[in-house]
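As a basis for the values below, the full set of heavy atoms in this structure was taken, side chains included, without hydrogen atoms, waters or symmetry mates. Counting from 1, the numbers follow the sequence of the chain as shown.
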Amino acid sequence: MSKKLNIVIWNEFRHEKIDPVVTALYPNGIHAFIKDFLKEDENLNVTLAALDDPDQGITDELLEQTDVLFWWGHMAHGEVDDVLVEKIRQRVYAGKMGLIVLHSGHHSKVFKSVVGATGNLSWGRDQKEVIWNLMPAHPIAAGIPDHFTLESEELYAEPFYIPQPDALVFGGWYEDGFIFRSGCCFLRGAGKIFYLQPGHEYCKAYYNPYIQRIIKNAIQWAKPADFGYEIPNGAPQILTKVTDEFNN
């Protein structure tokens, strides 16, 4: 029997509490909605976390148990504790945890710290978006057609100030003609990061079965290998160990 993966879905959980439109779409929060469609997989153990929870939703103990962390933020990026951000970065880089960043999480401290960029972009009115499958052979694209349509999604447009993705799995085209790198994979240290653009709080992207499939696929891609490693204090310690092994 395979080991259950521990999934933490972190969400600011602010819009859903103060905006009636968002409340109607996601009454228990975007994070709870995602958990509901992940419950179909009995091999996932899903925990919800929010900014206003104690310890901003993520205690040291919970972080140490997490295999894949989801991050959705928007209106309160600056409130996230820098110490927590660094703990997340270190765990991802050590290959002990995968990271999946959703929609406006592109401007979160976590995303910017882990990938090493501003995450700036242009945005505009909600409109029809066509998601194109640019890498059909990629594990995250399994079961996804060559394209599918979201009837309404917030416009995110290039240029998107991120490092060159290690894999560009999906691209978005909007009815106004703008394009966007909407599904990007990054490798950092021994860890994996996936950024998925659809997911505006005023839209229904997470209701879409293909978006749900992408998220499920991303968990399996981003999950850590069976090993992680402690980040060394300095390379000479590692080189000394390797030299000793060969000399023996």
Discussion item. Side chain to side chain contact (heavy atoms under 4.5 Å, CB included), that's the test. Do Phe37 and Ile215 meet it? Break it down for me.
Written reply: CA-CA 10 Å; Phe37 66 74; Ile215 286 173; 3.9 Å; yes
Practice prompt. Just do the salt bridge (Lys or Arg N to Asp or Glu O under 4.0 Å) check on Arg14 and Asp52 with the steps written out, would you?
Written response: CA-CA 9 Å; Arg14 294 276 181 85; Asp52 294 324; 2.9 Å; yes
Worksheet item: Can you check side-chain hydrogen bond (donor to acceptor under 3.5 Å, both in side chains) on Asn6 and Asn45, steps first, answer last?
Response: CA-CA 5 Å; Asn6 291 319; Asn45 179 35; 3.0 Å; yes
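Side-chain atoms of Ile88 and Trp71, non-hydrogen and from C-beta on, do get closer than 4.5 Å to each other. Asp176 is listed as a side-chain neighbour of Arg125, based on a closest heavy-atom distance under 4.5 Å. Using a 4.5 Å heavy-atom threshold, the side chains of Ile219 and Leu5 count as touching. The side-chain heavy atoms of Glu201 and Tyr26, taken from C-beta on, include no pair separated by under 4.5 Å. A heavy-atom distance below 4.5 Å is not found between the side chains of Pro136 and Asp146. When side chains are defined from C-beta on, His31 does not count as touching Lys35, because their heavy atoms never get closer than 4.5 Å. Side-chain contact between Ile58 and Lys87: absent, with no pair of heavy atoms (C-beta onward) separated by less than 4.5 Å. Using a 4.5 Å cut-off on side-chain heavy atoms (C-beta onward), Tyr202 and Glu153 make no contact.
Asn208 pairs by the side chain to side chain contact (heavy atoms under 4.5 Å, CB included) definition with Phe148, Leu150, Tyr210, Ile211, not counting sequence neighbours.
Side chains of His107 and Asn120: a donor on one and an acceptor on the other come within 3.5 Å. The closest side-chain donor-acceptor pair between Glu154 and Gln197, if any, does not fall under 3.5 angstrom. In this model, a donor atom of one side chain and an acceptor atom of the other lie less than 3.5 Å apart for Asn11 and Glu16.
Here Leu99 contributes atom CG and Phe111 contributes atom CZ; the two are 8.5 Å apart, rounded to the nearest 0.5 Å. Taking CD1 from Ile7 and OG1 from Thr47, the interatomic distance works out to 9.0 Å, rounded to the nearest 0.5 Å. One finds the NE2 atom of His138 at 8.0 Å from the CZ atom of Phe194 (value rounded to the nearest 0.5 Å). Atom CG in Asn28 sits 10.5 Å away from atom CZ in Phe33 (nearest 0.5 Å).
Other residues, nucleotides and ligands contribute over 12 non-hydrogen atoms within 6.0 Å of the CG atom of Leu44.
A cation-pi geometry, defined here as NZ or CZ lying under 6.0 Å from the six-membered ring centre and within 45° of its normal, holds between Arg89 and Tyr93. Both the sub-6.0 Å distance and the 45° axial angle are satisfied by Lys17 relative to the ring of Phe13.
Ring planes of Tyr195 and His106: perpendicular class, angle over 60° (limits at 30 and 60°). Ring geometry for Phe180 against Tyr156 counts as perpendicular: the plane angle is over 60°, on a 0 to 90° scale with 30° as the lower cut.
Hydrophobic cluster membership differs between Trp123 and Val22, with clusters built from Ile, Leu, Val, Met, Phe, Trp and Tyr side chains linked at under 4.5 angstrom.
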Name each donor-acceptor pair under 3.5 Å that joins a side chain in residues 162-173 to protein atoms two or more places apart or in another chain, with its distance.
from   : atom 1 : to     : atom 2 : distance (Å)
Asp166 : OD2    : Leu187 : N      : 2.8

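In terms of heavy-atom proximity, His77 sits nearest to Glu12 at N-OE2, 3.6 Å. Across Cys203 and Asp126, no two heavy atoms sit closer than the pair SG-OD2, 3.6 Å.
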